[in-house]
Amino acid sequence: MMYTEQNIRGLAINFLRQHYKHRPRSGTSGTRVVSKVHYYQGVTIDARLAYQKPDLSWFTATVEATSLDRAHEVLYRVNYFRIAMHAMAFTLAVMVFFLALTQVQGESVWQWFGRPKVYLFLLTSTFATFGLAAIILSRIKYYRYIYAIAQFIRFHADAQWVAFDKQIFENVPRRYYEELERQCIRFGFGLMEVGEENKVRWVIEPSHIDQFAGSRSRLPVWVAAVQAPPLMRRLQKSLPLGKAPAPAAAPPVPTDGLTDPLDVGSYLPSAVVREADYAAAVVPARRGRTPWYKQPVRFTKSLRWKARNAYRSLYPDEIRTRPGYYELPGWLVATIFVLLLLLSYLFYEQSRWEVVARPGDKDAVTELPPLEPAASPERSDASPELLPGEYDHRLSSNEVVPERELRVDPPSIVEATVETDVIQVYRITEDGEASIDYDCLPLYQLTGTFYLLEEGRYPEYSIALERAKYLNGRYGMATTVALNNCVEVGRSGYLIYLGEILESEASANFRLRQLLTDFGLETEVLVVK
């Protein structure tokens, strides 16, 4: 049996009557229902049940009924619009990071590829990053959009139920039903299944705690005043020419216990009169109303709703039928805007790269001075002497070049002096002061035992000296380059030891471990007896 939406609404309302009949309520309150499609808090509701709680506040439960011919309301679709926006933000962030990194390093993409290949590279990189990000994001469940869930998120109710025909999920993959269950559990919505023989199965009960922490919209009644002028204009067009509608009194509150009193005008016979009474009831003409400038909060909210209705009226029908599908959070829009500005600035900076560097750049070289044109050479008697092989611009083609004396100076003979003294100890203190000794006192001739933290042995003095300067500058410790013969008799080459000469083995071992832990330097304790 295929159910219509009207059948599902009736079955759902009957189920909710039984489900909430034992809930505590005020003594004079009955269960009030609206079992037809109506407009409530800015959205369209299929059915609604309400009763007054002991504290005189209203408990409201809404139902989204979905039949087989409206199955798209509960079957998810991938939100490609939001995927595209998030992928674009990610692509812009990657491009900004890449260009900023090259800019900091003093490089330029224009320098690497040149024009016009650089534009092909940038377009290819952008589209490749965007496509990869979009493919990855499309696999995430966050982007699965369900119309019924997205509509419930937009307004506040104490309990919200999704009622659907069981036949909807019989011919579709299992993941569609699992996604509906997942989103109902995530947002705290109820789920009921209508099966054969008018049987309603309770699948998920709505959460008793507001999971949105009051962030959903609570549309106040007076906001309907924003829609009163359009209603009156439509009413005037429907009346005969020259006849203006008379102000109508507020409709009486029904006492049958079945109609929701918040459903203004639903029990009136004519739709035209219903709109007029609705506008008159919401915006009664009375004297002594508080001026708008004395109600800044209310005036600000009314402007907000007017602006929202104005720009939403420009939406195509496809956007109107997908609540929340094309909406983006404010932080995402601001992020995309900032990234676009940064990307434009980096494009401009890197596109300024030229083959000849500009003066003042970080790695700019001295530019060539403007060359003197050959057609009008400058003539100046104060020109410097010409270097060998340089062309004399002061001469024209008719002048004869005088012969110059060829003078060859014999090369001067410089006697080379060979330093016979050998540096045996080169020491650099922690402050960077260096001292040189051409003679050393051999340690092996002293009485007692001494300990050195040997860093390494080197065959030549220049290599050892370069290494010692590096260690002193890098780690700021006293470093000594000593001839091997000063430590061990008969040895050639040089060794480097760190710090001072120690007389205790414990001190030497402690210093060895300290260097290894703090600086990662591997040293060896050299014992001199």
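In this chain, numbering begins with 1 at the start of the sequence shown. The model shown is predicted, which means the values in this text are computed figures rather than measured ones.
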The side chain to side chain contact (heavy atoms under 4.5 Å, CB included) partners of Leu123 (sequence neighbours excluded) come to Phe127

Applying ring pair (Phe, Tyr, Trp, His ring centres under 6.0 Å) to Phe347 and not counting sequence neighbours gives none

Paired with Thr102, the side-chain hydrogen bond (donor to acceptor under 3.5 Å, both in side chains) test is passed by just one of Glu107, Gln111, Gln350, namely Gln350

Residues passing the side chain to side chain donor-acceptor pair (under 3.5 Å) test with Lys199, sequence neighbours excluded, are none

Tyr80 meets the side chain to side chain contact (heavy atoms under 4.5 Å, CB included) criterion, sequence neighbours left out, with Val78, Tyr325

Across all chains, not counting sequence neighbours, the side chain to side chain contact (heavy atoms under 4.5 Å, CB included) partners of Val338 are Leu342

Which atom pairs, one a donor and one an acceptor, fall under 3.5 Å between side chains of residues 512-524 and the rest of the protein, sequence neighbours left out?
from, atom 1, to, atom 2, distance (Å)
Gln514, OE1, Arg511, NH1, 3.1
Thr517, OG1, Arg513, O, 2.9

task: Would you please indicate yes or no on a ring centroid separation below 6.0 angstrom for Tyr76 and Tyr176?
output: yes

Sorted by chain and residue number, the side chain to side chain contact (heavy atoms under 4.5 Å, CB included) partners of Ser57 (sequence neighbours excluded) come out as Lys53, Asp55

Taken in chain and number order and not counting sequence neighbours, the residues that satisfy side chain to side chain donor-acceptor pair (under 3.5 Å) with Arg186 are none

Which donor-acceptor pairs under 3.5 Å do side chains of residues 82-94 form with protein atoms, sequence neighbours excluded?
from, atom 1, to, atom 2, distance (Å)
Arg82, NH1, Tyr142, OH, 3.4
Arg82, NH2, Glu327, O, 2.7
His86, ND1, Tyr143, OH, 2.6
Thr91, OG1, Ala87, O, 2.7
Thr91, OG1, Phe130, N, 3.4

Across all chains, not counting sequence neighbours, the side chain to side chain donor-acceptor pair (under 3.5 Å) partners of Gln6 are Arg9

The complete set of salt bridge (Lys or Arg N to Asp or Glu O under 4.0 Å) pairs with one or both residues in residues 62-75, sequence neighbours excluded, reads Glu5-Arg70, Arg70-Glu73

Return a table of donor-acceptor pairs under 3.5 angstrom between the side chains of residues 134-141 and protein atoms on other chains or two or more places apart.
from, atom 1, to, atom 2, distance (Å)
Ser138, OG, Ala134, O, 3.3
Ser138, OG, Ile135, O, 2.7

